[in-house]
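Note that the structure is predicted; figures quoted are calculated from it, not measured. So that the names make sense, note that chain A is the first sequence line, chain B the second, and so on, each numbered from 1.
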There are 2 protein chains.
Amino acid sequence: MRRTKEDAAKTREEVLAAAAEIFYENGVSGSSLEKIAQRAGVTRGAIYWHFKDKAEVLTALHSEIRLPQEAMVDYAIEHGHDDPLGLIEQGTIEVLQILVDDEHQQRVFAIMILGCEFTEHLSDAAQRIITANAEMFGKLQKLIEMADEQSSLAPLWTADSAARAIQCSMNGLLAEWLRSGKSFPLVDIGERLIRSLIRSMRDNEER
Amino acid sequence: MRRTKEDAAKTREEVLAAAAEIFYENGVSGSSLEKIAQRAGVTRGAIYWHFKDKAEVLTALHSEIRLPQEAMVDYAIEHGHDDPLGLIEQGTIEVLQILVDDEHQQRVFAIMILGCEFTEHLSDAAQRIITANAEMFGKLQKLIEMADEQSSLAPLWTADSAARAIQCSMNGLLAEWLRSGKSFPLVDIGERLIRSLIRSMRDNEER
DNA sequence: ATATTTACAATCATTCATGTATGTTTGTAT
DNA sequence: ATACAAACATACATGAATGATTGTAAATAT
C-alpha cells in the first residue's frame with residue numbers, strides 16, 4: 001500500500017494515463033471508472049479520491065495538454081517577428097513533428113477532437129464512416145491522377161498527397177464550422193481555402 | 001392510432017428526425033431511446049419495432065445521408081473531364097452551398113464527424129475545448145494582422161479568413177490523421193498543405 | 001508515543017437505460 | 001364476418017454504472 005505524497009502523485013498520473021488509453025479505446029461515454037481503475041491497477045475508490053467524477057478526469061487530461069502552438073504564437077506576438085506568416089508556417093511544421101512522437105498527446109487530442117464514440121456496440125457505424133471516407137479518398141485520388149496524366153499537377157504534389165490534403169481541409173472546414181456553432185461563413189472561407197489549394201496544385205505556368 | 005403503411009413510414013421518419021436532434025443535443029451515448037421516443041411523440045415500443053437497437057438508428061441516419069461529393073466525383077471519373085482540378089474546386093463549393101441550407105444534414109454530419117459527446121455532465125470539458133480554440137484563433141488572427149500591416153497579405157485574404165482557414169486545415173489534418181489510424185505521413189502532408197496556404201496568403205510579387 | 005490525517009479498498013443502495021415479453025388496436029385479406 | 005398480421009403501447013426484468021458510505025493501514029504531525 002502506498003502512502004507518501006510522491007506515491008499518491010504517481011497513482012494519480014497512472015489513473016490519468018489509464019484513462020487516456022481507455023477513453024481512446026472505448027470512447028468517453030463507453031468507459032466506466034471501473035475499467036479505468038482496473039487498467040491503472042487500483043480500485044474506483046482511488047479515482048474518486050483524486051477526482052470528483054468522470055468529467056473531472058477528462059478535464060484533468062485536457063488541462064494536462066499544453067498546445068505547443070500557443071507558446072509559439074505568444075512568442076511571435078510579443079517579439080513582433082518580421083515575417084509572421086513564415087513563422088506560422090515553420091511553427092506548424094515543428095508542432096506536427098513533436099506530436100508524431102508523443103503517443104499520449106495523440107490519444108488526448110483524439111479524445112478531444114474526435115470525441116471517440118467508437119464503442120463496441122456502435123462499431124459498425126464507425127466502420128461505415130471509415131470506409132466511406134476511404135472510398136471518397138480513393139475517388140479523389142483517381143481524379144487527381146487524371147490531372148497528373150494531363151501534366152497539370154504541380155511537382156510539389158503527388159496524386160496521393162493532394163487527395164489527402166483536400167480531404168483533410170474539407171473535413172476540417174466542416175468540423176470547425178459545426179463545432180463553432182456556424183460562427184463563420186462556411187462557403188466564403190471554404191471557397192478561398194479550396195481555391196488556394198487547387199491553384200498551388202496546378203502547374204505554375206499552365207494557365 | 002396509425003396503421004397504414006404510409007403512417008408507419010411517417011413515424012419511422014419522425015423517429016429518425018427526432019434521433020438526429022437528440023443525438024446532436026446530447027451526444028449518441030448520452031441519448032436514451034426514451035428521450036428520442038418522447039421527442040418523436042411515440043413510445044420506445046415504436047422505435048424497437050422499426051429498429052433493432054440504438055446502433056441501427058444511428059446507421060439508418062448515416063445511410064440516409066448521400067454525400068453529394070460522391071455523385072460529383074463519380075460523374076467526373078466517368079466523363080473524363082478535361083479539367084479535373086477545376087471540377088473538384090467547383091464541386092466542393094457547390095456542396096458547401098447545399099449543406100448550408102440543410103439543417104438535418106448538418107446535424108447528421110455533426111454526429112458523424114464530431115461524435116458529439118457534449119453531454120450535460122461533460123459540458124465544462126466541451127466548453128474548455130471551445131474557448132481554447134477561440135483563443136488560438138484570436139492569436140492567429142493578431143499574427144496575421146501584423147503581416148497585413150506590413151502589406152504582405154494577399155488581397156484575396158483578410159486576417160479573419162486567413163486565420164480561420166489555417167485553423168480549419170490544421171484541425172482537419174490532425175483529425176483525419178488520428179481517425180485513419182495514422183495511415184499517412186502527417187508531417188509530409190501537413191508541410192505541403194500549410195506551405196501552399198501560406199504562399200497564397202503572401203502578396204504575390206512580395207518575395 | 002500518540003493522534004490525526006492521508007490514501008486508498010470494499011461494500012452498498014440507487015438510478016437508469018436496455019431488452020424483452022405481452023397486451024391492444026386497427027388495417028387487410030378471404 | 002372472421003382471421004390474421006401489422007403497428008404500436010405497456011409492463012417488467014435485468015444489468016451496469018454511479019455515488020456514497022464505511023473500513024483501514026500507513027504516513028505524518030505533535
Are any of the side-chain nitrogens in [X] or [Y] under 4.0 Å away from the carboxylate oxygens of its partner?
X	Y	result
Arg179(B)	Glu176(B)	yes
Glu25(B)	Lys35(B)	no
Arg164(A)	Asp160(A)	no

Residue pair Arg44(A)/Trp49(A) against DNA chain C: nearer the 5' end by closest nucleotide is Trp49(A)
Quick check: on DNA chain C, is the nucleotide nearest Ser31(B) upstream (toward 5') of the one nearest His50(A), or the reverse? Name the residue that is more 5'.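 Whichever sits nearer the 5' end wins; that is His50(A).
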Closest nucleotide among [options] to the [X] side chain:
X	options	answer
Lys5(A)	dA27(D), dA7(C), dT10(D)	dA7(C)
Thr43(B)	dT18(C), dA9(D), dC8(C)	dA9(D)
Asp53(B)	dT28(D), dG19(C), dC8(C)	dG19(C)
Lys54(A)	dG27(C), dT18(C), dT18(D)	dT18(D)

Given atom [atom1] of [X] and atom [atom2] of [N], what is their separation to the nearest angstrom?
X	N	atom1	atom2	answer
Lys35(B)	dT18(C)	NZ	P	10 Å
Asn26(B)	dA17(C)	CG	C1'	14 Å
Asp7(A)	dC8(C)	CG	P	8 Å
Ile36(A)	dG19(D)	CD1	C1'	15 Å
Lys10(A)	dA7(C)	NZ	C1'	15 Å
Leu33(B)	dA9(D)	CG	P	14 Å

Assert: residue with more 5' nearest nucleotide on DNA chain D, out of Glu34(A) and Gly45(A), is Glu34(A)
Residue-phosphate contact under 4.0 Å: Tyr48(B) side-chain N/O, dC8(D) OP1/OP2: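 For dC8(D), OP1/OP2 do not have a side-chain N/O of Tyr48(B) under 4.0 Å.
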Check whether any side-chain nitrogen or oxygen of Thr4(A) sits under 4.0 Å from OP1 or OP2 of dT28(D), and answer yes or no. no
Check every strand shown and say whether Ser32(B) touches a base, only sugar-phosphate, or nothing at a heavy-atom separation below 4.0 Å.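 Sugar-phosphate, no base atom in range.
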Evaluate whether atom NZ of Lys139(A) has more than 12 neighbouring non-hydrogen atoms of other residues, nucleotides or ligands under 6.0 angstrom away. yes
Partner residues of Thr158(B) under the side chain to side chain donor-acceptor pair (under 3.5 Å) criterion, sequence neighbours left out: Ser161(B)
